[in-house]
Amino acid sequence: MVKYQLSTKKAMDKQKITGSEALLKTLLAEGVDTIFGYPGGQVIPVYDCLYDYQDQLKHVLVRHEQGATHAAQGYARVSGKVGVALVTSGPGATNTITGIADAMMDSTPMVVISGQVPSAMLGTDAFQEIDVIGITQPITKWAYQIRRPEDIAWAVSRAFHIASSGRPGPVVIDFAKDAQVGLVEYVYEKVGYVRSYQPVPDMEPEQIAAAAELINQAKKPFALVGQGVVLSGAEKELMAFLEKADIPAGSTVLGLSAMPSDYPLNKGMLGMHGNVGPNMKTNECDVLIAIGMRFDDRVTGNLQTYAKQAKIIHFDIDISEIGKNVSVDVPVVGGAKETLAAVTELLQPASHTEWIAGFEPHEKEEYEKVISREVYPEKGFLKMGEVIRKISEAAENRAVLVTDVGQNQMMGVRYFKYTQTRSVVTSGGLGTMGYGLPAAIGAKFGAPDRTVCLFTGDGGMQMTIQELGTIMQEKLNVKIIILNNNFLGMVRQWQELFFQERYSFTVMANPDFVSIAKAYGLGSRVVENREDLDEAITEMLQYDGAYVLVANVEDRGMVYPMVPAGGTITNIIMGDK
């Protein structure tokens with residue numbers, strides 16, 4: 001009898017798995033194929049289990065935990081899937097905070113899993129213990145601590161549901177070590193519903209009808225396209241909507257690739273360094289239609305003077321954004337894919353030829369005063385804009401643009417061109433220097449068949465330069481263009497314009513980037529003469545592997561046009577102080 005009980009117990013134990021394996025099985029069930037991470041003491045059990053799952057789960061060893069989160073972001077942005085980062089407790093977890101906050105600001109779906117000390121040691125100030133939940137709750141959609149192996153499958157599936165549904169965002173799972181090693185009878189059930197959480201609000205027929213009526217009456221309608229269109233997969237619905245009512249559109253930085261750059265109704269980028277036409281027409285239109293954007297201050301400028309003449313329609317999946325910054329006449333709540341289609345059905349075919357033609361004088365002025373000088377200079381030092389445009393065209397305008405933050409970012413989004421969606425990977429709301437290099441790594445894993453071009457400044461590059469080691473180890477074919485001006489360029493621009501040219505601590509003494517690239521086994525070259533630029537670009541794009549092209553550009557270049565912070569969006573600086 002005793003022998004029978006023992007054998008039965010052993011059989012039951014054989015059916016159980018560790019919490020670490022339960023985690024990995026749940027990740028696989030949620031469709032995860034790539035994890036960006038860095039091991040440590042309190043997450044070793046998971047990494048030990050991962051050793052046996054290498055043929056199912058690709059683990060990318062980054063060089064810093066912040067790099068793991070930015071790589072997960074880049075992966076998510078181009079693939080549309082949830083990015084995953086795996087780190088240890090204490091400093092491993094706190095090093096992810098910037099990436100988590102960045103993902104929250106930019107609505108990027110990401111799950112960060114951090115190891116934690118055993119449950120019995122929580123609250124004792126144990127080695128590398130930190131209150132991960134308390135720190136991350138304000139910058140996540142959900143943060144949860146797993147203390148029991150029985151909770152793993154439920155919590156992780158719930159995390160993926162919350163991160164990816166509705167308005168996407170980051171979720172943090174804090175994973176106590178005893179839950180990692182404890183045994184559990186594993187049962188996976190997909191979480192598709194969370195009580196009190198309604199990711200996509202129901203469409204209101206009255207809102208749909210009111211929006212259509214206002215648009216049908218409009219003489220000068222103008223659409224503002226945000227990343228919400230991309231996140232909801234509503235690119236086709238957007239263009240059907242614009243074409244039926246003949247509505248010109250401008251884009252936020254994160255919404256840029258929702259429409260091809262050469263799409264006739266695409267009038268360019270909005271905001272501080274946006275195109276002149278979209279900014280000017282925002283304050284001239286009679287109906288302003290915001291779609292999946294949040295009226296960020298970099299887009300609106302001074303709210304007291306923003307689009308006061310217009311009736312405003314706001315399409316958004318997040319009710320909290322409606323009326324938060326700008327008063328709205330007609331809210332349209334729901335997913336953009338569904339709401340745009342519903343409104344389009346009620347639209348009357350229209351033509352606004354004269355209104356659209358009004359963009360042309362602004363386009364001509366901007367070309368003459370800014371674009372021609374930046375992209376097609378005849379003499380002088382290399383300019384950022386010409387380097388970016390030439391690379392975009394050499395890649396047939398089909399590459400993924402990744403940028404860091406600063407002048408390289410604004411020049412990148414202005415002068416790179418797009419032919420397909422999910423082609424812009426940049427830090428929008430948080431403006432995180434150091435984002436670019438790890439995000440490019442993630443983007444390449446998320447879109448392995450596409451050319452990935454990273455444009456970074458000499459400052460941002462040095463913030464996460466260690467991730468060249470990740471590129472080396474993974475043999476990633478990423479094209480890295482350092483726009484080197486030996487300055488923290490964007491801060492210097494503000495110092496020149498608004499602080500009497502007092503360049504306080506913005507001069508950069510830089511290392512030999514080519515030697516560093518060679519030390520990591522990457523292709524590399526410096527270009528500083530215009531006559532060598534085409535050859536250097538061809539060499540970079542044809543090189544079989546990662547390549548660092550250091551473009552030594554003018555040291556005091558300026559990003560124009562520019563709307564001063566807090567100013568009216570029509571008060572645009574075109575090149576003169």
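What's counted below: heavy atoms across the whole structure, side chains too, no hydrogens, waters or symmetry copies. For the single chain, residues carry numbers from 1 onward in sequence order.
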Next on the checklist: If you count heavy atoms of other groups shown closer than 6.0 angstrom to CD of E378, is the number above 12?
Outcome noted: no

Checklist entry - Do D102 and S427 have a side chain donor and acceptor closer than 3.5 Å? => result yes

Checklist entry - Heavy-atom distance under 4.5 Å between the side chains of F445 and I441, does that happen here? => result yes

Checklist entry - Taking side chain as C-beta onward, heavy atoms only, is L437 less than 4.5 Å from I471? => result yes

Item to check | Within 6.0 angstrom of E531 CD, more than 12 heavy atoms from elsewhere | outcome: yes

Checklist entry - Taking atom OH of Y376 as the centre, does the number of heavy atoms from other residues, nucleotides or ligands within less than 6.0 Å exceed 12? => result yes

Item to check | Backbone of T426 reached by a side-chain donor or acceptor of R77 within 3.5 Å | outcome: yes

Item to check | Cation-pi geometry met for R389 and Y415 (6.0 Å, 45°) | outcome: no

Checklist entry - Which is it for T570 and N279 under the side chain to side chain contact (heavy atoms under 4.5 Å, CB included) test, yes or no, and what are the steps along the way? => result CA-CA 6 Å; T570 53; N279 282 344; 5.8 Å; no

Item to check | Set of side chain to side chain donor-acceptor pair (under 3.5 Å) partners for K364, sequence neighbours left out | outcome: none

Next on the checklist: Pairing donors with acceptors under 3.5 angstrom, does anything connect the side chains of K479 and N477?
Outcome noted: yes

Checklist entry - Could you go step by step and tell me if E366 and R414 meet the salt bridge (charged side-chain N to carboxylate O under 4.0 Å, His left out) rule? => result CA-CA 12 Å; E366 183 176 351; R414 277 185 58 83; 2.8 Å; yes

Checklist entry - So V548 and V514, side chain to side chain contact (heavy atoms under 4.5 Å, CB included) or not? Walk me through it. => result CA-CA 7 Å; V548 177; V514 167; over 6 Å; no

Item to check | Worked check of salt bridge (charged side-chain N to carboxylate O under 4.0 Å, His left out) between R530 and E386 | outcome: CA-CA 9 Å; R530 185 161 290 111; E386 70 174 313; 2.7 Å; yes

Next on the checklist: Can you confirm whether T456 sits close enough to I481 that some side-chain heavy atom of one is under 4.5 Å from a side-chain heavy atom of the other?
Outcome noted: no

Next on the checklist: Let's go through E474 and K58 carefully: what are the C-alpha distance in whole Å and the side-chain angles of both, what is the deciding distance for salt bridge (charged side-chain N to carboxylate O under 4.0 Å, His left out) to 0.1 Å, and is it a yes or a no?
Outcome noted: CA-CA 11 Å; E474 294 294 338; K58 170 68 178 178; 2.7 Å; yes

Item to check | F222 ring center within less than 6.0 Å of F359 ring center | outcome: yes

Checklist entry - If we only count heavy atoms from C-beta on, is the V171 to V112 side-chain gap below 4.5 Å? => result no

Enumerate donor-acceptor pairs with a distance under 3.5 Å from any side-chain N or O in residues 79-92 to protein atoms, sequence neighbours excluded.
unit_1, atom_1, unit_2, atom_2, d
S79, OG, Y75, O, 2.6
S79, OG, K81, N, 3.1
K81, NZ, G31, O, 3.0
K81, NZ, D33, OD2, 3.0
T88, OG1, Q42, N, 3.2
S89, OG, Q128, O, 3.0

Checklist entry - Is there a side-chain contact between M239 and P260, using heavy atoms and a 4.5 Å cut-off? => result yes

Item to check | Any donor-acceptor pair under 3.5 Å from T568 side chain to N571 backbone | outcome: no

Item to check | side chain to side chain contact (heavy atoms under 4.5 Å, CB included) between F295 and L303, intermediate numbers included | outcome: CA-CA 10 Å; F295 288 110; L303 289 172; 5.7 Å; no

Item to check | Within 6.0 angstrom of Y306 OH, more than 12 heavy atoms from elsewhere | outcome: yes

Checklist entry - Would you find more than 12 non-hydrogen atoms of other residues, nucleotides or ligands less than 6.0 Å from Y47 atom OH? => result yes

Next on the checklist: If I take atom CZ from residue R298 and atom CD1 from residue I569, how far apart are they, to the nearest 0.5 angstrom?
Outcome noted: 14.5 Å

Next on the checklist: When you compare the side chains of S114 and D174, does any donor N or O come within less than 3.5 Å of an acceptor on the partner?
Outcome noted: yes

Next on the checklist: Quick one about S257 and S423 (side-chain donor to acceptor, distance below 3.5 Å, no hydrogens or angles considered), yes or no?
Outcome noted: no

Item to check | E496 backbone acceptor or donor facing Q500 side chain under 3.5 Å | outcome: no

Checklist entry - E539 and Y547: side-chain donor and acceptor closer than 3.5 Å? => result yes

Item to check | Those residues that, when tested against N552, pass side chain to side chain donor-acceptor pair (under 3.5 Å) (two or more places apart) | outcome: N484, E528

Checklist entry - About how many Å separate CE of M461 and CE of M433, when rounded to the nearest 0.5 Å? => result 12.0 Å

Checklist entry - Among side-chain atoms of T470 and E467, is any donor-acceptor pair under 3.5 angstrom? => result yes

Checklist entry - Judged by atom type as modelled, is there a donor-acceptor pair below 3.5 Å linking the side chain of K141 to the main-chain atoms of R167? => result yes

Next on the checklist: If we ignore hydrogens and angles and just use 3.5 Å, is the side chain of D512 paired with the main-chain N or O of S515 as donor and acceptor?
Outcome noted: yes

Checklist entry - Can you find a side-chain donor-acceptor pair between R63 and Q473 that sits under 3.5 Å? => result yes

Item to check | Interatomic distance, L50 atom CG to I35 atom CD1 [nearest 0.5 angstrom] | outcome: 5.5 Å

Next on the checklist: What I'd like to find out is whether the side chain of K281 reaches to under 4.5 Å of the side chain of K267, using heavy atoms alone.
Outcome noted: no

Checklist entry - Is there a donor in the side chain of N397 and an acceptor in the side chain of S392, or the other way round, less than 3.5 Å apart? => result yes

Item to check | Q227 and S107: side chain donor to acceptor below 3.5 Å | outcome: no

Checklist entry - Does R294 reach the side chain of N325, with side-chain heavy atoms less than 4.5 Å apart? => result no

Checklist entry - Passes salt bridge (charged side-chain N to carboxylate O under 4.0 Å, His left out), E554 versus K383? Steps please. => result CA-CA 6 Å; E554 60 178 332; K383 289 181 174 287; 2.7 Å; yes

Item to check | Audit row: M411, V559, side chain to side chain contact (heavy atoms under 4.5 Å, CB included) steps and yes/no | outcome: CA-CA 7 Å; M411 289 291 196; V559 185; 4.0 Å; yes

Next on the checklist: Does any part of the side chain of M259, heavy atoms only, come nearer than 4.5 Å to the side chain of S251, both counted from C-beta?
Outcome noted: yes

Checklist outcome for this item: Taken to the nearest 0.5 Å, the spacing of F160 CZ from L27 CG works out to 5.0 Å

Item to check | Donor-acceptor contact below 3.5 Å, side chain H362 vs main chain M280 | outcome: no

Checklist entry - Within the distance-only criterion (no hydrogens, no angle test), does the side chain of N275 pair as donor or acceptor with the backbone N or O of G277 below 3.5 angstrom? => result no

Checklist entry - Looking only at heavy atoms, which two atoms of G99 and T69 are closest? And how far apart? => result CA-OG1, 3.3 Å

Next on the checklist: Pairing donors with acceptors under 3.5 angstrom, does anything connect the side chains of D106 and Q73?
Outcome noted: no

Checklist entry - Between N486 and D555, does any side-chain donor sit less than 3.5 Å from a side-chain acceptor? => result no

Next on the checklist: Tell me if a side-chain donor or acceptor on E535 pairs with a main-chain N or O of D532 at a distance below 3.5 Å.
Outcome noted: no

Checklist entry - Between the side chain of D404 and the main-chain N/O of G436, is any donor-acceptor distance below 3.5 Å? => result yes

Checklist entry - Between Q493 and Q407, do the side chains contain an N or O donor and an N or O acceptor separated by less than 3.5 Å? => result yes

Checklist entry - Does R398 reach the main-chain N or O of Q420 with its side chain, forming a donor-acceptor pair under 3.5 Å? => result no

Next on the checklist: Is it true that H70 and Q66 share a donor-acceptor pair across their side chains at a distance under 3.5 Å?
Outcome noted: yes

